[in-house]
Amino acid sequence: MKNIVVLVSGGGTNLQALIDSQDRGEIKGGKITCVISSKDGAFALERAKKADIPTVVIPRKEYSDSKAYSEAILAELNRQKADLVVLAGFMTILDECVTKTYPYRIINVHPALIPSFCGEGFYGLKVHEKALEYGVKVSGATVHFVNEQADAGAIILQFPVAVRNDDTPETLQRRIMEKAEWKILPRAVSLFCEDRIEIKDGKAYVIREDD
Ligand code: GAR
């Protein structure tokens, strides 16, 4: 069984999708063993406690810079013996001390179709504001491995969602979560835990069950 450590900062609906998926027996070969939050009082912590998952708070605001913060996160990940780290609405970019220690072992869910509307400054509702500002007709979600560059690691899964004429950032965000994020994040986590993601030339490929 792989130890899955989930990093959160906010509401935790993606964490909830992982917990529900685990409860349905859909995360094969792994178990959520710890939830780490960058914010005290994040609602995601309540969701973890309700599911009897141990929680740790490492407040971002108590660290002077990203490097010092990342070192604290790294120490905790090592303590937890993490096999897979999942960024589920985690709003801090991790320094290379973490990404280099866990290559192809950290995955992130991003609420757009990478390489659109991604990179530094594109997070949460801002992503959907930018997509609507641009006028795209399709957006969606991406699950990818995390490397040294923001939102630039190998893509594991993507799912498209149509944009409606009357969408607001909030309605688009909600629909992308429901139709895309909450489905592809647990799916990618299970694929990882089942050793069904292959890396070739820096790209990720899902190994089909009948391959
Ligand atoms: C989700 O839409 C997630 O994709 C996004 O923040 C939201 C968190 O919601 N993450 C990013 O923008 C990271 N770049 P949640 O806390 O309810 O899961």
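Throughout, numbering of the chain's residues begins at 1 and tracks the sequence. Both ligands and their constituent atoms are indexed starting at 1 by order of listing. As the structure is a computational prediction, the values presented were derived from the model and not from experiment.
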Give, for atom OG1 of T142 and atom CG of L185, the distance between the pair rounded to the nearest 0.5 Å. 12.0 Å
Close N/O pairs between ligand 1 and protein, under 3.5 Å:
unit_1: ligand 1; atom_1: 2 (O); unit_2: E181; atom_2: OE1; d: 3.1
unit_1: ligand 1; atom_1: 2 (O); unit_2: E181; atom_2: OE2; d: 3.0
unit_1: ligand 1; atom_1: 4 (O); unit_2: E181; atom_2: OE1; d: 2.6
unit_1: ligand 1; atom_1: 12 (O); unit_2: G124; atom_2: N; d: 2.7
unit_1: ligand 1; atom_1: 16 (O); unit_2: G12; atom_2: N; d: 2.8
unit_1: ligand 1; atom_1: 17 (O); unit_2: G12; atom_2: N; d: 3.4
unit_1: ligand 1; atom_1: 17 (O); unit_2: T13; atom_2: N; d: 2.7
unit_1: ligand 1; atom_1: 17 (O); unit_2: T13; atom_2: OG1; d: 2.7
unit_1: ligand 1; atom_1: 18 (O); unit_2: T13; atom_2: N; d: 3.4
unit_1: ligand 1; atom_1: 18 (O); unit_2: N14; atom_2: N; d: 3.0
unit_1: ligand 1; atom_1: 18 (O); unit_2: N14; atom_2: ND2; d: 3.0

Salt bridge present between [X] and [Y] (N-O < 4.0 angstrom):
| X | Y | value |
| --- | --- | --- |
| R79 | E76 | yes |
| D40 | K61 | no |
| E71 | K67 | yes |

No-hydrogen, no-angle side-chain donor-acceptor test under 3.5 Å, Y123 and D151: no
Pairs where residues 44-74 contributes a residue and the test ring pair (Phe, Tyr, Trp, His ring centres under 6.0 Å) is met, not counting sequence neighbours: Y63-Y69
